[in-house]
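To start, the structure under review is shown below, and the notes come after it.
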Amino acid sequence: MRRRRVPWPLVALASLLIAWIGSRTDIVTRLEQGMGDAGASMLQHEIDSDVVIVAIDAKSIAELREWPWPRRHHAALIEKLAEAPPQQLFIDIDFSAASNPLDDQRLATAMAAWDGEPIILPAFFQYASASSTALVVTEPLDILRPHVAVASVNLEPDADGLVRSVRRTWSVAGRTLPAVAAALGDLAAENDAEIIIDYTISPSSFRVLSYIDIVANRTPAEYFADKTVFVGATAIELGDMVPVPVYQSLPGVIVQALAYESARTGNLRFLDERLYWLIASLFGLILGYWFCRQTWQRNVLVIAASMAAMSGFALYLYATFDLIIKIVPLAITVTTAYLLATLRSLESETVRAMMYAVGFRKREALLNSIVLSSTDCIVCIDADGSIRTANPAAASLFGCELDELVGASIFDFVPELTTRDDESQSQVFDRAADSILESNARTMGGDNFPVELSVSRVQLTEELLYTAIIRDISERKAQQQQLQFQATHDPLTSLPNRAAMAAHLDACLAQHRSDSPVALLMIDLDRFKEVNDTLGHNVGDYVLHEVARRLADVASSRGFLARIGGDEFALVIDQLHDSNVIAELSRDLADCLKKPIKTSGIAIEVGLSIGIARYPEDAKDAETLFKYSDIAMYSAKRNGAEFEFYDSSNDRHSVRKLTIATRLRQAITNSELELHYQPQVNLKTGRVDSVEALLRWEDAVLGAVNPAEFVELAEATDLIRPLSNWTLVRAFEQAVAWQDEELELRVAVNISARMLQDVGFPELIANLLLDIGVSPKQIELEITESAMMVDPQRALQVIEALSELGFLISVDDYGTGYSSLAYLRDLPVHALKVDKSFVLNLHRHAGNRVIVESTVQMAHALNLMVVAEGVETAADAEILRACGYDFGQGYLYSAALKPDALSEWIEAFNSEGSADQSLNLAQG
Ligand code: C2E
Ligand code: CA
Ligand code: CA
C-alpha cells in the first residue's frame with residue numbers, strides 16, 4: 001500500500017516557515033553575523049579615501065611628556081591645520097569638563113578663528129546613572145560650543161559585543177544630534193536609520209599622521225589640506241579601543257572613520273526584507289518542487305550546489321552592489337526542504353524499518369548484555385553443529401576458553417544429540433527445537449554432567465542457525481535424587497521405607513506372575529517397646545539403627561530389606577528358595593541379634609519374631625501377603641518362636657486379637673470390666689485376711705475373655721496404661737469400702753511388667769493413694785519376675801519407690817522365670833507366690849514337692865512369706881501347711897468372687913473357722 005504523500009508546495013511552505021522562525025532567533029542572527037564577518041574579511045580591500053587620521057599616538061604622548069595634555073596643544077594643532085585647512089575636521093577629544101581657564105580660552109579662540117566647515121566635536125549619550133534609563137548627553141564646554149558643530153560618537157555593539165553599525169542620529173529631550181559619520185558627510189537625513197560599517201574597507205586606506213609631527217611642523221601640509229581629518233587617540237594605553245569584527249579591535253577614531261567612509265560611499269545595505277523573503281519563497285518553491293521529484297541522492301548534489309551558489313552570489317552582491325544578503329535563512333530553507341522531501345519520499349515500510357532500526361540498536365544492546373551476563377550457557381550453532389558464538393557462561397560450563405569453543409562441534413560437548421540413521425545434523429536440531437530436553441553433556445576435560453537443553457531456530461539471513469540454551473542441572477538432579485531417596489527411605493536407618501517396600505513387592509509380583517515364588521518376611525522386634533519407654537528415644541533410635549545394620553548385613557544380598565514401622569522390618573525374597581533356605585535365613589536373622597547391643601554402658605538384648613508368607617501358595621496379591629506374614633509373625637511371637645510360616649489356622653487367632661484389642665479399649669472407657677476377688681487363706685490361723693484382685697471381662701460379642709489373654713494384648717499396646725489405672729482405682733476403692741465395713745482385708749493387685757518399667761508409675765500410684773484415701777499397708781502389689789528382664793536397674797528403682805510408699809510387694813508366678821532367691825534378697829519384697837504349676841496335684845508329683853519344700857525353706861531364711869496358688873485339693877493344702885506355707889489360694893477354698901459375694905463368703909468362712917474348708921470349694 002502506498003502512503004498518501006504530502007503535496008510538494010506544503011513541503012516548500014513548511015521549510016520557509018521554519019527558516020523564517022529560525023531567522024528570528026538569536027543563534028541564527030549570530031550565525032549570520034559570523035558569516036557576514038567572514039565574507040567581509042575575504043573581500044577586504046583598500047579604497048581611495050580622503051580621510052586623514054591625526055593620531056594621538058604613543059610617539060606624541062612620549063614627546064609632549066605630560067598627560068592629559070594642556071588644551072593649548074590642541075589649540076596649536078587647530079592653528080597649524082588652519083594654515084592649510086582640511087575640508088572637514090573632527091576632533092575626537094572630550095572637552096566636556098573644564099581644564100585651566102587660560103588653556104580653555106586659548107582653545108576657544110583657536111576654534112573661533114577656524115574658517116570653513118565648522119569643527120565637529122564629540123557628544124556622548126549615556127544613561128544618567130547606572131540604574132537609570134533616562135539618557136543624558138555629555139557635550140563640549142559652553143565656551144567652545146558657539147564655534148563648533150557637535151555630533152554623537154556613540155557606538156552600540158551587537159549581542160556578541162562587536163560594533164557593526166552606528167545610529168545615524170541620536171535624540172534626547174527634543175534635541176537631535178547626528179552621528180559623526182553622518183555629520184561629516186551631511187547624511188543625517190538619509191532614509192536608513194543605521195550606517196552599516198563596511199569592514200571590507202581596510203583601515204590602511206587612511207593616511208595616519210602623528211599629532212606631534214603636525215604640531216612640530218614636520219608634516220607637509222598637502223597631507224591634510226582639503227582632506228577630512230579625524231583627530232583621536234590611537235595609543236592603546238589611552239584605552240579607546242572598540243571591539244569589531246574582522247580586526248578584533250580598532251581605536252574608536254578609526255571606527256568613526258570607517259563609519260564615515262561607509263556612509264559616504266553610502267550603498268552598503270541589507271536587501272529589503274520583503275524582497276528577501278520573496279526571493280527566499282521562490283527559492284524554496286523551486287527547490288521544494290525539485291526535491292520532491294528527485295531521489296535523495298541526487299538532491300544531496302543539488303543542495304550542495306545551491307549552497308555554493310548562494311554563498312557565491314551573496315559575496316558577489318556584497319562586493320559589487322554593497323548588498324548584504326542573509327544566507328542562513330536560505331540555507332535553512334534548502335536543508336529543511338530537502339529533509340522534508342526525503343522523509344516524504346520514504347515508503348511507510350522504510351519509515352517503519354528506520355524506526356525499527358533505532359529501536360533495534362537498543363534491543364540488541366540489551367540482548368547482548370543479557371546473553372553476556374546470563375548464567376545459562378547460550379551458544380549459537382550452524383546447521384552442521386559447529387559453534388558460531390557462545391557466551392562466557394558456555395565457556396565456563398564446558399571448562400574451556402571462549403575461543404576454543406567457537407568453531408568446535410556441539411556434538412563434542414553434548415554427545416547424546418547424535419544423529420540417527422539418515423538424519424542430517426540440522427534435522428537433529430529441528431527434532432530438538434521447541435522442546436526442553438534432558439541430556440548428558442561433557443566438559444572439554446571429559447567430565448560428564450546432566451544438562452537441560454532447549455534449541456530454537458533462528459533465520460536472520462539466508463543462513464539457518466540455531467541457538468541452544470544449555471543449563472547444568474547436576475544440582476537439581478542431585479536434589480531430585482535426594483528427595484526421591486527421602487520419599488522412599490527411612491531417615492533413621494536409611495533402609496527403604498514401607499512405600500518403597502510395597503512398590504518393590506508389587507514389581508516383584510508383576511514380574512513373577514505364576515513364575516517363580518516370592519516370600520515376604522515380616523520381622524518384628526521383641527521387647528523393643530520397653531527399651532524405648534524406659535531408656536528413651538535416643539537409645540531406642542540407636543538400637544533400631546544397630547538392628548537395621550545387622551539385619552542388612554545378613555539379608556541385603558539375599559533380598560530387599562525395608563523398615564516398615566517402628567520396630568517392624570520386612571524382607572522380600574524373590575530368588576529361588578524353598579522352606580529350608582528361608583528357615584535358614586530366618587535363623588541367621590534371629591542370630592544376628594543374639595549379641596547384646598551396647599550403648600551408654602548398657603547391654604540391651606532385643607529378640608525378633610519373623611512371620612513368613614509366600615507367593616503364590618499362601619497369597620496371590622501383595623496386600624494379602626502382607627496380612628498373612630503379619631499373622632504368622634504374631635503367632636511366632638505368641639509361641640516364642642523365632643519364625644513361623646503362615647498357616648491358615650493362625651488366621652482365626654489374629655482376627656480374635658484385633659477384636660479383643662478394639663473391644664477392650666471400649667470396655668475400659670465404658671467401665672465394662674469388673675474386678676473379682678479370690679481369698680487367700682492364712683494357713684497358720686485358718687482365716688482369710690487377704691484377697692487377690694483379678695480382672696473379669698464379659699464381652700457382649702466375645703463372651704468371657706481370659707484376663708491372661710487380654711492383659712498380654714494390652715501390654716503389647718498402649719492399652720496397658722488405662723487398664724492398669726482402672727484396675728488400681730477399682731481395687732483401692734474396694735479396699736476403702738471394706739475398711740468402711742470394718743472388714744480387715746488386704747487386697748493384692750497384679751501389676752503389669754510394663755508398668756514396672758515406667759519411672760512415672762510410683763508417682764501415679766501415689767496420687768491414687770491420696771485421691772482415694774486408702775492406706776498402702778492395705779495393698780499388696782504382685783509383680784512378676786519377667787517384669788525385670790529388660791532393665792533390672794530400672795525395675796529395681798520402681799520397686800524401691802513403691803516400697804517406700806508403704807506398699808507390700810510380692811513376687812508372682814515364682815519359679816517360672818530366671819530369678820534366683822539370691823537375687824530376690826536385694827529386693828524389698830514381702831512374699832513369694834509359688835506358681836500354680838508347681839502346686840497343682842502336688843501330692844502326685846514328687847519333683848514338684850521337692851521344689852515346693854526347698855523354696856519355702858529358703859524363702860523363710862530370707863524372711864519372706866510364701867504363698868501357694870492353685871490349691872485345689874485338701875491333700876495339697878495339707879502338704880503345704882505341713883511344710884510351712886503361710887498362705888494358700890485356690891479353688892479348694894474359692895474362685896474369685898464379686899465383692900459382695902466375697903465378703904459374705906469370708907464372714908461365713910472365718911466364723912466357721914477351718915471346720916470344713918472343703919465345703920466352700922467353688923468350681924472355676
Ligand atoms: P495370676 O496372677 O497368677 O492369677 C492367678 C490365676 O490363677 C487366676 O487366673 C486365678 O483364677 C487362677 N486360680 C486360682 N486358684 C486356682 C486353682 O485352684 N486352680 C487353677 N487352675 N487356677 C487357679 P485368672 O484370673 O484367669 O488370671 C490369669 C492371669 O491374668 C493372672 O495370673 C494374672 O497374671 C492376670 N491378671 C488377672 N487379673 C489381673 C489384673 O488385675 N492385673 C494384671 N496385671 N494381671 C491380671
Ligand atoms: Ca497374681
Ligand atoms: Ca500367679
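For ligands, and for the atoms within them, numbers begin at 1 and follow the listed sequence. All figures in this text were calculated on a predicted structure; none of them were measured in a lab.
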Inset, instruction - Measure centre to centre between the rings of Trp738 and Tyr677, then say whether the value is under 6.0 Å. - result: yes
Legend entry - Contact check, Glu692 vs ligand 1, heavy-atom distance below 4.0 Å: yes
Inset, instruction - Could you name the option among Met755, His676, Arg696 that has the heavy atom nearest to atom 11 (O) of ligand 1? - result: Arg696
Inset, instruction - Check Ile604, Ile597, Leu535 against Tyr542 for a side chain to side chain contact (heavy atoms under 4.5 Å, CB included) and give me the one that passes. - result: Ile597
Inset, instruction - Taking only heavy atoms of Val871 into account, list the atoms of ligand 1 that are under 4.0 Å away from them. - result: 18 (O)
Legend entry - Atom indices of ligand 1 within 4.0 angstrom of Asp813 heavy atoms, with elements: 3 (O)
Inset, instruction - Could you tell me whether the Ca ion (ligand 2) has an N, O or S atom of Glu782 under 3.0 Å away? - result: yes
Legend entry - Asp812, any N or O under 3.5 Å of ligand 1 N or O: yes
Legend entry - Per-atom contacts, ligand 1 versus Glu872 - under 4.0 Å to a heavy atom: 17 (C), 18 (O), 19 (N), 20 (C), 21 (N)
Legend entry - For Thr727, atoms of ligand 1 separated by under 4.0 Å from a heavy atom: 41 (O)
Inset, instruction - Give a yes or no on whether Arg663 atom CZ has more than 12 heavy-atom contacts from other residues, nucleotides or ligands under 6.0 Å away. - result: yes
Legend entry - Any donor-acceptor pair under 3.5 Å from Arg665 side chain to Ile668 backbone: no
Legend entry - Closest heavy-atom pair and its distance - Lys777, Leu808: O-CD1, 4.2 Å
Legend entry - Chi angles and distances behind the salt bridge (charged side-chain N to carboxylate O under 4.0 Å, His left out) call for Asp758, Arg721: CA-CA 10 Å; Asp758 186 345; Arg721 284 170 205 273; 2.4 Å; yes
Inset, instruction - Mind reading off the angle at the Ca ion (ligand 2) between the OD2 atom of Asp812 and the OD1 atom of Asn750, rounded to 10°? - result: 80°
Inset, instruction - For Asp886 and Asn682, indicate whether the former's side chain and the latter's backbone hold a donor-acceptor pair under 3.5 Å. - result: no
Legend entry - Ligand-residue contact atoms, ligand 1 with Ala708, heavy atoms, under 4.0 Å: 30 (O)
Legend entry - Side-chain (Arg696) to main-chain (Leu675) donor-acceptor, under 3.5 angstrom: no
Legend entry - Asp876 side chain reached by Thr873 side chain, heavy atoms, under 4.5 Å: yes
Legend entry - Selected option - heavy-atom contact closest to atom 10 (C) of ligand 1, from Leu694, Ile783, Leu728: Leu694
Legend entry - Proximal candidate to atom 27 (O) of ligand 1 [heavy atom criterion; set Ala693, Gly888, Pro707, Ala714]: Pro707
Inset, instruction - Return a yes/no value for Leu695: is any of its N or O atoms, backbone included, closer than 3.5 angstrom to an N or O of ligand 1? - result: yes
Legend entry - contact_flag Gly870 ligand 1 heavy-atom lt 4.0 Å: yes
Inset, instruction - Could you pull out, from Glu869, Lys836, Glu709, the option with a heavy atom nearest to atom 6 (C) of ligand 1? - result: Lys836
Inset, instruction - For the Ca ion (ligand 2), decide whether Glu869 has an N, O or S atom at a distance under 3.0 Å. - result: no
Legend entry - Test salt bridge (Lys or Arg N to Asp or Glu O under 4.0 Å) applied to Glu692 and Lys836, Lys833, Arg746, the passing residue: Lys833
Inset, instruction - Would you mind telling me if ligand 1 is within reach of the side chain of Lys833, the backbone, both or neither, using heavy atoms under 4.0 Å? - result: neither
Legend entry - Among the N, O or S atoms of Glu692, the one nearest the Ca ion (ligand 2): OE2
Legend entry - Gln666 versus Glu672, side-chain donor and acceptor atoms under 3.5 Å: no
